[in-house]
Amino acid sequence: MAFIEFHDVKKVYRSGEVRIEALRGMSFEVERGEICVIVGPSGAGKTTLLNILGGMDSLTEGRIILDGEDISAYSPRKLIGYRRRDVGFVFQFYNLIENLTALENVELASQICPAPLDAAETLRAVGLGERLGNFPSQLSGGEQQRVAIARALAKNPKLLLCDEPTGALDYNTGKQILQLLEDTSRKSGMTVLIITHNSALTAMADRVITVRSGQARDMRLNPHPTPISQIEW
Ligand SMILES: Nc1ncnc2c1ncn2[C@@H]1O[C@H](COP(=O)(O)OP(=O)(O)O)[C@@H](O)[C@H]1O
Ligand SMILES: [Mg+2]
């Protein structure tokens, strides 16, 4: 059994008369400790699949297994615990709380989960040891994304879900963020899923899933991933 399994997952959004099939029978697997890059055009269903895997949205049909647990059968109450305990999220626009310091942003997340890592320690690990007392507005985009990654990692989650984590960053800053995600996975064995529309990043992945029209159209393994430091685009 794989660490993550999607079995024929369907997601239909309804707004009034309109039915949007965001996922149309999506099936794939990811093994524990892998860096998995998910690519595909805008509207393909990438964010939808990540949100459902992260317990932020529900599926319409199908089954999702994570670490042997059928999370698609979870009650809303069980999903709350799952989101708090098992999943770290990193978004394109950081989503930090502007009137809390870097340290407080990380502490806030670790307070709602059972076995958090030390917030200051985690910020030091992402290179922000000197910036604990800064507010988001006093940090660059790349530094804010580091805070967001620390916030996700401080929960000590089972998996890290990243939706276009470099989408708002310039080339070099984006590369540093990807380096941090790569280091995190390689050092701690964390399973990391990264959504991107930059196909050059597929080279850094252990596994590449191509999503199109709500389906996983291709799943490819890279026996020798290229370190992000050696990828140019
Ligand atoms: N909350 C929602 N309500 C209605 N339609 C949605 C919602 N979220 C996403 N969609 C639709 O589902 C499809 C897939 O969207 P999304 O998963 O965001 O794609 P991607 O992240 O690959 O760009 C799109 O057609 C989008 O408009
Ligand atoms: Mg998206």
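Whatever order the structure lists them in is the order used to number ligands and atoms, beginning at 1. For reference, positions follow the sequence shown, starting with 1.
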Novice: Restricting to under 2.8 Å, identify the protein N, O or S atoms around the Mg ion (ligand 2) as residue plus atom.
Specialist: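 Short answer, with waters excluded from the count: Thr47 OG1.
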Novice: Scan for ring-ring contact (aromatic ring centres under 6.0 Å, His included) pairs involving residues 189-227, sequence neighbours excluded, and state none if there are none.
Specialist: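 ring-ring contact (aromatic ring centres under 6.0 Å, His included) check on residues 189-227 returns no pairs.
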Novice: Given 3.5 Å as the limit, does a donor-acceptor pair link the side chain of Glu34 with the main chain of Glu31, or not?
Specialist: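 Checked: pair present.
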Novice: Can you name the residues that come within less than 4.0 Å of ligand 1, going by heavy atoms only?
Specialist: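 Tyr13, Ile20, Ala22, Pro41, Ser42, Gly43, Ala44, Gly45, Lys46, Thr47, Thr48.
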Novice: Does Arg124 come within less than 4.0 Å of Glu121, counting only side-chain N to carboxylate O?
Specialist: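 Looking at Glu121 together with Arg124, the answer is yes, because their closest N to O distance falls below 4.0 Å.
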Novice: Salt bridge check: are Lys175 and Glu182 linked by an N-O gap of less than 4.0 Å?
Specialist: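 The answer is no: the pair does not qualify as a salt bridge.
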Novice: So how far is it from Gln145 CD to Ser140 OG, rounded to the nearest 0.5 Å?
Specialist: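 Rounded to the nearest 0.5 Å, the CD-OG separation comes out at 10.5 Å.
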Novice: Please evaluate residues Glu143 and Tyr94 with respect to the criterion side-chain hydrogen bond (donor to acceptor under 3.5 Å, both in side chains), reporting the C-alpha separation (whole Å), side-chain torsions for both, the decisive distance (0.1 Å), and the verdict.
Specialist: CA-CA 10 Å; Glu143 288 163 347; Tyr94 333 129; over 6 Å; no
Novice: Which residues pass the ring pair (Phe, Tyr, Trp, His ring centres under 6.0 Å) test with Phe91, not counting sequence neighbours?
Specialist: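 By the ring pair (Phe, Tyr, Trp, His ring centres under 6.0 Å) rule, Phe91 matches Phe89.
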Novice: Taking the side chain as C-beta and beyond, is there a heavy-atom pair between Leu123 and Arg131 under 4.5 Å?
Specialist: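 They are not in contact (no side-chain heavy atoms under 4.5 Å apart), so the answer is no.
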Novice: Indicate yes or no for a side-chain donor-acceptor contact from Lys10 to the backbone of Leu59 under 3.5 Å, with no hydrogens or angles considered.
Specialist: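 It does not hold such a pair.
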